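Because the structure is a prediction, the values reported are computed rather than measured. Residue numbers begin at 1 in each chain, while the letters A, B, ... track the order of the sequences.
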2 protein chains.
Amino acid sequence: MTKKEAIVTAATELFAAKGFAETTTAEVAARAGVAQGTLFYHFKSKENILLAVFESVMVRYQTGMAAATATAANGMAAVEALLRFQLAFVEEHSREFRVVMRDLPSHLGGSDSPQREQVRQRQATVLAMLENALARGRTDGSMRPDLPATATAHILRGLVYGLVRHRLLGLIDLPPLEEDLIDFCRQALQAPAAGPC
Amino acid sequence: MTKKEAIVTAATELFAAKGFAETTTAEVAARAGVAQGTLFYHFKSKENILLAVFESVMVRYQTGMAAATATAANGMAAVEALLRFQLAFVEEHSREFRVVMRDLPSHLGGSDSPQREQVRQRQATVLAMLENALARGRTDGSMRPDLPATATAHILRGLVYGLVRHRLLGLIDLPPLEEDLIDFCRQALQAPAAGPC
DNA sequence: ACCAAAACTGACTGACCACTCAGTCTACTA
DNA sequence: TAGTAGACTGAGTGGTCAGTCAGTTTTGGT
């Protein structure tokens with residue numbers, strides 16, 4: 001592990017445990033086993049370390065999502081695969097997501113900063129994958145034909161995000177919800193059963 | 001308006017516009033038209049001002065939610081009323097919610113702080129209202145009989161939270177989603193149409 | 001009018017911490 | 001071996017800001 005990677009790892013652990021604001025650059029340096037100055041050799045600022053944590057996890061997230069849809073038999077299966085992947089991935093990388101969800105929004109700088117644009121791009125990509133899967137399901141008949149793809153993509157994204165956030169940052173313990181969530185979405189999305197009337 | 005109220009109002013505006021960390025107590029005092037010391041006469045710390053913003057908005061939020069369910073004809077209508085109320089209320093109080101969503105999680109102190117407990121209580125109440133409406137709908141036949149009330153309450157809460165958060169803090173503009181959201185939930189919740197077969 | 005308590009003031013302070021910078025070390029090339 | 005570019009160091013610093021406190025004003029009760 002290079003020192004740069006060690007810094008991101010150490011920062012992830014500390015930010016997740018104590019929060020961004022409550023973690024000093026001295027602590028990050030100490031845990032990473034580097035000098036304080038090394039942080040600022042590799043990163044322009046403390047906030048850029050936060051952004052690196054985000055980038056590092058989002059690259060893996062999006063790769064996984066793309067893989068999840070690739071093998072699905074139809075649109076509905078693709079959506080289900082996306083949902084399952086997202087929930088599992090977030091569970092597995094809970095520390096990173098904790099940091100990203102709690103601290104990133106507070107530290108994205110002005111509305112025209114390049115950091116904001118970078119994050120916006122990532123979000124748009126996630127959204128597009130959902131929308132594609134939905135459009136596919138509408139076409140191949142595995143979902144209701146009147147489904148509004150864009151709006152539903154936003155809804156699904158909000159749903160996953162809201163649940164994950166409560167699991168990671170919430171003060172209330174959530175029961176396991178994966179299967180209930182999948183059922184809920186399937187009910188909402190699937191074409192009405194063509195009963196043999 | 002008392003000076004204490006003026007402080008909460010000023011803090012809400014500044015926190016919403018610039019964020020909690022980037023707002024100094026001196027600025028809050030100046031905008032509220034009081035001396036710096038007055039802040040600390042009324043509030044133990046800067047974070048307690050943040051908590052006051054939260055409390056102030058949550059009291060109104062919960063009162064409104066209770067009213068929304070009271071007049072509903074059945075469980076499904078109650079859920080719909082809750083969803084509509086939540087979306088409308090957040091829209092109307094977007095500044096306060098922006099602050100609460102972005103900055104509160106980072107500043108809740110240790111896991112056993114009284115502040116955390118206070119927030120937890122509020123969240124539990126919201127959840128209970130949803131769960132009640134769902135249980136009601138399952139009983140009165142306006143929803144699927146096999147609906148898991150607790151899990152679904154969590155899902156609905158996550159859904160609203162996720163969407164609202166993207167609207168208030170997200171970097172992507174959301175289209176109006178109220179009706180699509182209601183439709184989505186209705187599909188997921190409603191009893192399968194008993195076709196005349 | 002008098003008093004006491006509550007509300008309020010604002011100059012001050014001390015701790016904190018992100019970031020700097022002048023210099024050292026390491027690895028590679030010619 | 002000398003040269004050099006990139007990686008790394010860590011003590012130092014300057015600006016910031018939450019919170020304090022000794023004193024003043026306002027309020028309300030008798």
Side-chain angles (χ1 to χ4, degrees), chain A residues 1-56 99 102-110 113-116, chain B residues 1-56 99 102-110 113-116:
Chain A
M1 188 160 54
T2 67
K3 294 202 171 184
K4 187 169 181 179
E5 287 164 349
I7 290 168
V8 173
T9 303
T12 301
E13 291 165 0
L14 289 169
F15 292 169
K18 314 177 31 177
F20 179 79
E22 288 70 33
T23 303
T24 66
T25 52
E27 288 170 317
V28 175
R31 176 176 274 245
V34 304
Q36 279 210 59
T38 310
L39 300 198
F40 297 93
Y41 176 74
H42 288 294
F43 301 96
K44 208 163 88 32
S45 67
K46 185 185 175 188
E47 290 188 1
N48 275 36
I49 301 177
L50 182 60
L51 202 65
V53 173
F54 172 75
E55 271 300 300
S56 153
V99 173
R102 187 180 49 197
D103 295 316
L104 197 64
S106 317
H107 297 91
L108 275 183
S113 71
Q115 291 142 35
R116 257 184 131 79
Chain B
M1 187 157 58
T2 67
K3 294 202 170 183
K4 187 170 180 177
E5 287 164 350
I7 290 169
V8 174
T9 303
T12 301
E13 291 164 1
L14 289 168
F15 291 168
K18 315 177 29 178
F20 178 79
E22 287 70 32
T23 303
T24 67
T25 53
E27 287 170 318
V28 174
R31 175 175 274 244
V34 304
Q36 279 210 59
T38 310
L39 263 55
F40 296 93
Y41 176 74
H42 288 294
F43 301 96
K44 207 163 88 30
S45 67
K46 186 185 175 189
E47 290 187 1
N48 275 35
I49 301 177
L50 182 60
L51 202 64
V53 173
F54 172 75
E55 272 299 299
S56 153
V99 173
R102 186 182 49 196
D103 294 317
L104 198 65
S106 317
H107 297 91
L108 275 182
S113 73
Q115 291 143 34
R116 257 184 131 79

What's the closest nucleotide to the [X] side chain, out of [options]?
X: B:Phe40; options: C:dC19, D:dA18, C:dT9; result: D:dA18
X: B:Thr38; options: C:dC8, C:dA11, D:dC8; result: C:dC8
X: A:Val34; options: D:dT9, C:dC19, C:dG10; result: D:dT9

Could you state the atom-to-atom distance from [atom1] of [X] to [atom2] of [N] in whole Å?
X: B:Leu39; N: D:dG19; atom1: CG; atom2: C1'; result: 10 Å
X: A:Lys44; N: C:dA18; atom1: NZ; atom2: P; result: 15 Å
X: A:Leu50; N: C:dC19; atom1: CG; atom2: P; result: 12 Å

Look for any protein N or O under 3.5 Å of an N or O in nucleotides 5-7 of chain D and output each such pair with its distance, or none.
unit_1	atom_1	unit_2	atom_2	d
D:dA7	OP2	A:Tyr41	OH	2.1
D:dA7	O5'	A:Tyr41	OH	3.1

Is the side chain of [X] donor-acceptor paired with the backbone N or O of [Y] at a distance under 3.5 Å, no angle test?
X: A:Thr12; Y: A:Val8; result: yes
X: B:Lys46; Y: B:Phe20; result: yes
X: A:Thr25; Y: A:Gln36; result: no

* To do: Would you indicate whether the side-chain heavy atoms of B:Tyr41 and B:Lys4 approach each other to under 4.5 Å?
  => no
* Structure fact -> Numerically ordered, the residues 13-24 of chain B set in heavy-atom contact under 4.0 Å with DNA chain D is B:Thr23, B:Thr24
